[in-house]
Amino acid sequence: MKFSHTLRFNAVPDWIDYYVAYDQLKKLIFQIEKERVESEAYQNQSSSSSTASNRDPELGGPSSPAETLQGSEDTFLSAIDLQLDKVVDFYSTKEKELYSQLEQLPHLLASTTSHGHAVEHEEFASPLEKIDSTPHLEKPRRKMSFESRFSTKSEGAGGINVQAMLDTRSVLITLYVSLCELQSYVDLNKSAFDKILKKHDKVLDGNLREPYNKKMVQESLPFTPQSIEELRSHIEQLERMYADIFCNGVVETAVRQMKTHLRDQITYDRNTVWRDMIGQERKTLSAHVVEQQPTKTVRIPFTRFSLPAEIFRNMCFFAIAIAALIILLNVDIFNNREENYCFALLIFAAIMWATEAVPLYATSLLIPFLAVLLKVLRNEDGSTMEAKTAASEVFSSMFSGTISMLLGGFALAGALSKYGIAKAFASHVLSRAGTRPRWVLLANMFVAGFLSMWISNVATPVLCFSLIDPILRTLPDNSRVAPCLLLGIALASCIGGMTSPISSPQNIVTLEYMNPNPGWGIWFAAALPISIISLLICWGLLLLVYRPDKATPHLNKIKPTKGKITKAQIYVMFITIATIALWCAETAMEDSIGSTGVIALIPLFMFFGTGILKKDDLHQFLWSVVVLAQGGMALGHAVTSSGLLQDIALRIKDGIQDLDAIAILCIFACLILVFSTFVSHTVAALIIVPIVQQVGENLPVPRANLLVMGAGLACSAGMALPVSGYPNMSAVMLENAAGKPYLTSKDFLIVGVPTSVFATVLIFTLGYGILSSVGY
């Protein structure tokens, strides 16, 4: 939770206007940062074409960066001084009010308890004692608390004034709650001053935190050790008074009872504040320039009912998929029942995945059920497999070394992100990129591509978008640099999806159909040259289209994250490097280890077994991607077992067997490019890669691994639309402070289409050459 939310969530609602205006001070810091960047840009621009009048301060030249820095420092100091004065004034008022009430308590208690409540009388014994089953034992006499007396004796002559004592108790608890709230007020404001000063030093490269805290905050009345100690002693005094009157002098019991009332009050306050916070968030969202469009509805033909357009669309596509399934089940295409039924299942799954009539992973969960129900699996002798055996076969195909490798990649990504290793690496690299937009863009793109190799191209864009926030918030309104940077990161993450076996789900699917496993060395040898050249081509296109240097000559510099290297970070890096090294050497260790899936279990055990990753981190794995991949593998096994895959491959081979392997790779790469542009990259791999593998095996000179790896790389080349892959989907969702999206479909089309084409051409030319040279 952000500290601004923490402050409001824990604040006393009636005092909310007297806390530090944390959000206001933070906005001021960002505004000063923006003004400073603009001033530095102006200085750099002026210095390149300086004249004598600009160089001479007496002739009214532009202010120096030092003057700008001093002016911004004075502005911030004035604002934080006002906040400190506000807190001090309010605390002084509340302290005087509450301490005055505390001083009057003895007089109130004396008047209330003047009826002899401290006198011990035998008649105060509990009525329960009269029915004790052991009358022969002498019972110890003890002084009863007023709570017990209230339940055994009503007010009478010489008795206790029950109503007065209840009023006294209410006064004590109310005062106790108020003093505790004042103590919380001091703690929250002290934290607020410390955090806002830390934010100031981090954003503006200042050194204000330590001196201001020491000379101003800690010397102010609410935060002096004497004031804190005095407030604590008054709370303890109140606890002792309550204990003497109501708890027989047992302070622990008194504290427990009084804190029960304090918790009730806090719960009520927090519920109130939470509702207010949600209301304000909704008002903020509704204030954006992009108005919420009313939900479109579609009237159902021949009825008076209507449905939301999205639901109606999904129902139509689902009906089309069902209709296609039923028709194909009754059409004989391959002269074989299992193949016909499996083809119907394949088309049904393809329509459901392509249209997303239901979530992708939901379709994957339906595939094993239909594969067993339709009896599409066959035994080695060609007979139909029994349902029980078929179920075992399908489920066994849904977990393999490939899925284990996918989970191992998630574990590495989770640890690198959780312990700030990925962010620290990225921020240190970007901090050295300078301020020229073209170099900042190139650095961001290479960081995104590199991180995609290790933490997947699903998590990378989210991290990189957060790192460039200091640049985005200091750009002028409607600057062309913002969409240029965001689009560069998104496209670089898509390209980075082909760089390593764990960088994207489609690569995991590709490995499933490669025999033998290429290992990380061969994958790097083919994928890295293609990725690097594609990144440079994309960078050039972005510079040509957006001309960021002309729009904003200098950008705000990204600051590296600070902090000492921890033992946990060293441990995570050691396990990560060891795992990658074993993956790279898997071919040489195949007799001992078996497959890369076994190696992938190492980070899973070493991170979860030692507590580096917790159960919550396991919950954050992309299980929808895992289920999607498992459904695809179940479909692939069904298509293979039924004989459909081989039949399709033979028919395709008859039309292309006279072509060279490079021409075949070109055809499949272009087909996958179109499919992955409009549909998910992973879905393209699940449907087309198995067919490519069978075609390659049935060629006169088998080239299955070459075609499969080329097809797998081509899945990551589709990036021309906002729906083309996770990075693009993340980028198109980003909005500026006014609620206006940074990117539109036009931005993706202008740069994404040529980048996709260049990347695909490199795959079936440069990629073909590299893979052929390693024997594929």
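Numbers for residues simply follow the sequence, beginning at 1. Note: hydrogens, waters and symmetry copies are ignored here, and every other heavy atom, side chains too, is used.
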CG-CZ distance between Leu601 and Phe605, expressed to the nearest 0.5 angstrom: 11.0 Å
Would a distance-only check, ignoring hydrogens and angles, find a side-chain to backbone donor-acceptor pair under 3.5 Å from Thr765 to Val761? yes
Within-4.5 Å side-chain heavy-atom neighbours: Ser745 and Leu721: no
Looking only at the side chains, is there a donor atom on one of Gln506 and Ser716 sitting less than 3.5 Å from an acceptor on the other? yes
As an exercise, state the distance from CH2 of Trp539 to CG of Leu491, rounded to the nearest 0.5 Å. 15.5 Å
Residues Asn728 and Ser724: side-chain donor-acceptor under 3.5 angstrom: no
Kindly say whether the aromatic ring centers of Phe425 and Phe450 come within a distance under 6.0 Å. yes
Axial cation check for Phe317 ring with Arg313, 6.0 Å and 45° limits: no
When you compare the side chain of Ile322 with that of Ile326, does any pair of heavy atoms fall below 4.5 Å? yes
Kindly state each residue pair satisfying ring-ring contact (aromatic ring centres under 6.0 Å, His included) with at least one member in residues 352-402, sequence neighbours excluded. none
I need the full list of side-chain hydrogen bond (donor to acceptor under 3.5 Å, both in side chains) pairs touching residues 697-707, with sequence neighbours left out, sorted by first then second residue. Gln693-Glu697, Arg703-Ser772
Ignoring hydrogens and geometry beyond distance, is a side-chain donor-acceptor pair present between Glu393 and Ser641 at under 3.5 Å? no
Do Ile667 and Leu659 make a side-chain contact, defined as non-hydrogen atoms from C-beta onward lying under 4.5 Å apart? yes
Test item: Phe675 and Ile687 side chains (from C-beta on) under 4.5 Å apart, heavy atoms: yes
When rounded to the nearest 0.5 angstrom, what distance separates CD in Glu512 from NE2 in His637? 11.0 Å
Any heavy-atom pair between the side chains of Phe465 and Ile489 that's under 4.5 Å? yes
